[in-house]
Every structure is written in structure tokens, then in C-alpha cells.
Amino acid sequence: MSFTKKIIVAMILGIIAGIFLNIFTYDVSADDSIVINLFSVVSDLFISALKLVIIPLIFFSIVCGIISLSDDVSLSRLGIKTLSLYLLTTVIAISLGLLFSSFIDYEPILLSNLESDVSIDNIETESNFFPTNIFKSLSNGNIIHLLIFSVLIGIAASKVKDKVKTFVNYFHEFNAVINELVKIIISFTPIAVFCILSKTFATQGLETLTPLMGYFFTVVFVLLFHFFITFYFMLKTFTNLSPKKFFINIKDVIVFTFSTSSSSASIPFTLKAANEKCGINKSISSFTIPLGATINMDGTAIMQGCATFFLASLYGIDLGMPEILTIVITATIASIGTAGIPSAGIIMLTVIFTQIGIPLEGITLLLGVDRLLDMMRTSINVSGDLCISCIVANSENRIDETIFKS
Ligand code: ASP
């Protein structure tokens with residue numbers, strides 16, 4: 001059985017096992033269930049192993065990528081192109097979220113008894129854009145700081161690469177070792193996917209969906225629309241690559257990110273797909289993928305647009321043109337500032353709600369369906385990173401079309 005098939009089978013079995021456990025352990029709390037606890041341990045172990053390799057993976061692959069960039073690829077051109085495309089898709093995503101939500105007539109529902117249990121622990125705040133102490137940034141897991149530091153080391157190393165051949169060789173060798181480690185961790189994906197999904201569905205169940213159907217299905221619809229229509233047109237407009245092939249190439253990543261709900265934890269996997277499935281040269285993907293996992297969150301922006309519209313309707317707040325513009329701007333900034341970890345997007349909603357004057361307790365209303373939506377929007381976040389990476393790599397002639405088409 002191919003790796004993709006194994007992951008898909010694991011996903012389906014995981015969902016079935018989770019729903020089964022949810023029904024049959026209804027009188028046992030999730031904390032007391034041995035099976036659910038076992039699944040939690042396996043899931044946590046896998047996600048921790050992935051997080052463990054993120055820092056060395058990004059560092060070595062960016063430095064090696066920049067060293068091997070030929071002189072005709074300008075780093076600033078690459079940066080400007082990537083950032084502009086990331087911003088463009090995010091603005092499209094929020095606008096779609098708002099547009100489609102405006103077609104829905106949300107019935108006001110009971111807004112009392114909301115307990116505020118939105119926790120802001122563990123969310124990395126990226127207040128200082130430029131690093132001052134790289135060790136501190138590394139221990140805080142600040143990816144933007146790591147990106148800046150790696151790019152600077154890469155630029156310095158490429159300037160003296162003929163004089164520091166041993167240094168360059170060491171970096172390439174470290175890079176090869178880290179890539180091997182990633183391969184080993186990723187080989188456990190089917191087991192991890194099974195455990196993560198069983199645990200999620202066992203603890204969430206499907207009944208949480210019912211009161212929020214309208215909001216839930218609007219977000220799902222817009223996510224799918226953005227995936228199939230926006231990405232399709234982006235690829236058609238900016239490249240000669242086949243969108244259909246692109247969708248097929250990234251199917252493993254979609255399933256994987258659906259399970260992890262974390263763009264950051266998925267970086268090793270996304271990079272692998274970018275290189276081995278889409279044929280993107282490592283010198284491009286090592287820069288665009290970690291950057292995208294940190295700042296490009298189309299799926300999150302869609303959820304934020306829909307959630308703002310949904311709660312504004314429930315609280316009877318009118319959204320005119322000035323409010324819509326405020327939402328587009330704040331949601332763009334909020335989605336850039338959203339960490340690539342589970343539930344970060346819903347917490348960043350506080351930024352938009354504060355701007356528009358929506359009571360923050362409204363967020364607790366969305367929590368029931370947010371775990372499921374998080375899985376889906378993370379897949380769209382990462383697909384967006386891959387789509388833009390293909391466009392940028394194609395424009396720099398750094399995509400191997402034989403790999404892309406195969
Ligand atoms: N889980 C998402 C991600 O990692 C962020 C979010 O909560 O929207 O991309």
C-alpha cells in the first residue's frame with residue numbers, strides 16, 4: 001500500500017474509532033479512558049518529535065538554500081514576490097469569508113451562559129520583529145527570528161563560500177542528517193494520524209456541531225471555494241502548471257495537516273512535499289515554506305471573516321463599509337500574527353472583535369466547532385503556502401516540471 005493510501009486509511013479508521021469511543025465511553029470522562037489517554041500520548045509524542053526538528057531543519061535548509069542560490073536569483077526579489085503573493089491570497093480569503101457570510105441569514109441565538117475558557121497560554125507573541133538574542137528567540141520558538149537569523153547567516157556564508165569550504169560542507173552534511181531524521185519521524189505518520197483523529201473525535205463527538213451548523217458549513221464552503229477556485233486561478237494566472245496536478249501532488253499534506261492542526265509542526269512534511277511532489281527547488285522552498293507557515297494563513301483568515309460576520313449578526317452589530325475595511329485590515333494583520341499551532345486563530349479573533357466592538361465572550365460560542373474547523377483551515381493554510389511556493393519557484397525557473405507532472 002502506498003504511503004498516501006496508508007495515511008488516508010489511518011484517517012478514516014481514526015475518525016470511525018473516535019466516534020465509536022465517543023459513543024461508548026459517554027459515561028467515562030476523556031481523562032479516565034485508558035484508550036484515549038494512550039492515543040493522546042502517541043499523538044503528543046509525534047507532534048513533539050516534529051517540533052523538535054523544526055528549528056534545525058529551518059536553519060540548515062535556509063543557510064544551505066541561500067548558499068546554493070545562483071547569482072541570478074535575488075533574495076530581495078524572492079522576498080518581495082513571496083510576501084506580496086501571501087498578502088494577496090490572505091486578502092482574497094478574508095473577502096470571500098465576508099462575502100459568502102453576507103448571504104447567510106443568521107438567526108440570533110441564546111448568547112447567555114458563555115463561560116470564558118479561551119486560554120492564551122502557549123501562543124508565541126512576535127512583538128519584536130528583529131531578533132536581539134538568537135538563543136532567547138530559539139528557546140521561545142520564534143520562527144520569524146529564526147528565519148531572519150538564518151537568512152543573514154546564509155547571505156554572509158554565500159559571500160565567502162569559496163573561502164569556507166569546510167563550513168559549507170558541514171552545513172550540507174548537517175542538512176542531510178536532519179532530512180534523514182525527518183524521514184524517520186514522518187514514516188510514523190499513519191499511526192500518529194490514527195491516534196490524533198481517534199482522540200479528537202472521541203473527545204469532541206459530532207453533537208457539538210448542531211447549534212452552529214450555519215456558521216460551520218459557511219466556513220467549510222468558503223475553505224473549499226478558496227482551495228479549488230482561488231488556488232486554481234492563481235496557478236492558471238501566474239504559471240503554466242496544471243492546477244489539477246497540483247491538487248493531486250499535495251493530497252498527503254492535506255491529510256497530514258488536517259490531523260496535526262498545526263502549520264508549524266507540519267513544516268518538515270510540507271517541505272518534503274514541496275521538493276519531492278511539486279518539484280520546487282530547495283533553495284526556494286526552504287525560504288517560502290517556513291515563512292508561509294508563520295505568516296500565511298488563508299484558512300484562518302476565512303474563519304476569522306466568517307466568525308466576525310456571524311457574531312456581529314448575533315449581537316445585532318451592523319457592518320458597514322468602514323467596518324468591513326477594518327475587518328479586512330485587522331484580519332490580515334491578525335492572520336499574519338497567528339502562530340501556526342492549534343487554536344491560535346480563534347484566540348487572534350480577539351484582536352478583530354476588539355476593533356469592531358464584538359463582545360469577546362462570543363468566542364466561547366465558536367469553540368464547540370473550532371477543533372474541526374481548525375483541522376480544515378490548517379490544511380488550507382498549508383495548501384496556500386505550497387501554491388505560492390509553486391508560483392514563486394516557477395517564476396524563478398526553479399521548479400522541476402518532470403517531478404511536478406510525475
Ligand atoms: N491551526 C492553524 C495553523 O496552524 C492556526 C489557526 O488556529 O487558525 O495553521
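We use all heavy atoms of the structure for the numbers below, so side chains are in, but hydrogens, waters and symmetry mates are not. Whatever order the structure lists ligands and atoms in, that order sets their numbers, starting from 1. It should be emphasised that the depicted structure is a prediction, and the values quoted were computed from it without experimental measurement.
Atoms of ligand 1 found under 4.0 Å from any heavy atom of Thr300, numbered from 1 in the order shown, are 5 (C), 6 (C), 8 (O). Atoms of ligand 1 found under 4.0 Å from any heavy atom of Met297 (numbered from 1 in listed order, with element): 9 (O). Atoms of ligand 1 lying under 4.0 Å from any heavy atom of Asn381, numbered from 1 in the order shown and given with element: 2 (C), 3 (C), 9 (O). Residue-ligand proximity, Ser261 to ligand 1, at heavy-atom distances under 4.0 Å covers atoms 1 (N), 4 (O).
Looking at ligand 1, you'll find an N or O of Ala344 within less than 3.5 Å of one of its N or O atoms. At a 3.5 angstrom cut-off on N or O pairs, Gly340 counts as close to ligand 1.
Atom 5 (C) of ligand 1 has Ile341 O, 3.6 Å as its closest protein atom, hydrogens excluded (heavy atom only). Summary of contacts: the protein heavy atom closest to atom 2 (C) of ligand 1 is Thr378 OG1, 3.3 Å. For atom 1 (N) of ligand 1, the nearest protein heavy atom (residue, atom name, distance) is Asp374 OD1, 2.7 Å.
Ring pair Phe194/Phe39: centre-to-centre distance below 6.0 Å. Aromatic rings from Phe233 and Phe238 are positioned such that their centres are separated by 6.0 Å or more. A ring-centre distance under 6.0 Å is found for Phe221 and Phe100.
For the side chain to side chain donor-acceptor pair (under 3.5 Å) criterion with Arg377, the lone passing option out of Asp370, Thr257, Asp298 is Asp370.
In this structure, the side chain of Glu396 does not engage the main chain of Leu78 through any donor-acceptor pair within 3.5 Å.
Neither the backbone nor the side chain of Met303 comes within 4.0 Å of ligand 1, counting heavy atoms alone. Contact annotation for Ser263 and ligand 1: heavy atoms of both the backbone and the side chain come within less than 4.0 Å of the ligand.
Taking the six-membered ring where the residue is Trp, His226 and Phe231 present perpendicular rings, their angle passing 60° and hence far from 30°.
Salt bridge status for Lys405 with Asp400: absent, with no side-chain N to carboxylate O gap under 4.0 Å.
With distances taken over non-hydrogen atoms, the option nearest atom 6 (C) of ligand 1 out of Gly345, Ser262, Ser266, Ser264 is Gly345.
A side-chain donor-acceptor contact under 3.5 Å links Asn381 and Thr300.
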